[in-house]
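Below is one structure, written out as structure tokens; comments come after it.
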Protein chains: 2
Amino acid sequence: MASDTTSIKCGECPIRHRAVCSKCEPNELTSLDSLKYYRTVEAGQTIVWCGDEMDFVASIVSGIATLSQTMEDGRTQMVGLLLPSDFVGRPGRAQAAYDVTATTDVTLCCFRKKPFEELMMRTPHIGQRLLEMTLDELDAAREWMLLLGRKTAREKIATLLAIIIRRDASLNLKADGGPLEFDLPLTREAMADYLGLTLETVSRQVSALKREGVIELRGKRHIIVHDMDRLLEETGDDSDGGILT
Amino acid sequence: MASDTTSIKCGECPIRHRAVCSKCEPNELTSLDSLKYYRTVEAGQTIVWCGDEMDFVASIVSGIATLSQTMEDGRTQMVGLLLPSDFVGRPGRAQAAYDVTATTDVTLCCFRKKPFEELMMRTPHIGQRLLEMTLDELDAAREWMLLLGRKTAREKIATLLAIIIRRDASLNLKADGGPLEFDLPLTREAMADYLGLTLETVSRQVSALKREGVIELRGKRHIIVHDMDRLLEETGDDSDGGILT
DNA sequence: CGTCCATTTGAACCGGCTCAACTTCCGTGG
DNA sequence: CCACGGAAGTTGAGCCGGTTCAAATGGACG
């Protein structure tokens, strides 16, 4: 499972510079350090169910989780993808508003809600950072609304791939050397739930991109991009990702 | 146009208790008072264009505005509906990320960005309130993602009507007396852009609801709801709006 | 009364969904 | 080592909801 994180000090934390605590001074970190506890969740397990009483908030330390909503008849829509450093839970709210599910093994840095809220009152840096992060998430949600409301299946798939690539690039910073390649962190079904499609349509569009030589599949999940420009065109977004603007 | 608001004191402001300033102490209000200026925009006018340099932030005092994104080929998706007390702009960002358009005459309470950001640093209450508001908007955006990704045209229309009714109820608090009725603040096209549909589909679904006796139209924009329970069923959401839960 | 714009309605089309069969890839146990 | 079972993914065929294109209707305003 996840590596042993029981004794990591905040100062050495891998998400130290991006998470909700990133603006904190050393003394503020000490408070957090004494408050926090780690929790690991196996791939596929649900972290919280929508409607559950939630007595903690947390940062994702490693792994990937999803936020999703489900209607009575089973239709589900993913409404967020949580990556390392992302925040789970809402200060000032008792029940979870969404299902939170681990898609890979996940390690959480948790804080009991009450003490965290009190600390937040005394520590503006936390609230400031949380505001920034929330505004970023709001932007991401709105970009996703355009995708869900107006893009074609083809554009949706291309956009998702482009986003995953961009994220990988910004983390692994493996620059523009060889042919881009990466592993899909999501099953076809999860992709479908994210994109507002059926898994069959996802599969067909991925196959089509393969058939046309834009991408190549190695196994089910590993993707090699042969024609990045073409992929970006297929997203339907303007500009070339901001390079030529 | 909009009423003369040039000399309103913050203490007497109609959105005093809901806007970004709602947590402020009297002395903090004084600072805001000296910083603010009003601006009115006519119905149909664009307040800011996506990409524009934005040197101010603002609260909506009266009227309704929309946030929307447009693709090169003209497809547009509304990503937010701004009502009185809602906040426009993002502290710490230079360019507008969306088109902001007045759908009715709008009055804005503006602050130049720089001074506002400085005031925010000194006044945690503003940041705290902005965080609350942003979290609420994020929830609304995510609810909208479910609608865009998974709901049928019929459900989308019913949901939009239900939301407008709920909002009216919470503002006008006209309680559950006579038959619910209200004016649509949006054209069919704006509704379509909001719901990720075409205006023809919107029109057809509204007509269908009328034909089935769920609602009645008086003119193009005025709607009378004859069967609220039925309308709520048609939204596809679980529960009866939380009343019976 | 005529013009303009919002809205409605109709008819044909098509993208994505549904249902169903098949394939691949695993892990597990004989 | 292979057989088995199950989960994940692929592919096909037909259908249907929503779009597209086009024309008609209605309402507000000069």
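We name chains A, B, ... by the order of the sequence lines, and we start the count at 1 in each one.
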[X] side chain to [Y] backbone, donor-acceptor under 3.5 Å:
X	Y	result
B:R150	B:M145	no
A:D193	A:Q77	no
B:S59	B:V61	no
B:D52	B:W49	yes

* Structure fact -> side chain to side chain contact (heavy atoms under 4.5 Å, CB included) test vs B:L209 passes for just one of B:L217, B:D227, B:L161, namely B:L161

* Structure fact -> In whole angstroms, the gap separating P of D:dA8 from CG of A:D193 amounts to 13 Å

* Specify the separation, in whole Å, of atom CZ of A:R75 and atom C1' of D:dG17. => 13 Å

* **Sugar-phosphate or base contact per nucleotide [nucleotides 3-18 of chain C; S, B, -; heavy atom under 4.0 Å]** => ----SBBBB----SSB

* Five-pair end axes of the helix from C:dC1-D:dG30 to C:dG30-D:dC1 and the angle they enclose, rounded to 10° -> 30°

* To do: Ignoring hydrogens and angles, state whether a donor on the side chain of A:S68 or A:T76 is under 3.5 Å from an acceptor on the partner side chain.
  => no

* Going by distance alone, is a donor N or O of one side chain under 3.5 Å from an acceptor N or O of the other, for B:S62 and B:T107? -> yes

* Asked: Should we count CD of B:E189 as having more than 12 external heavy atoms under 6.0 Å?
  -> no

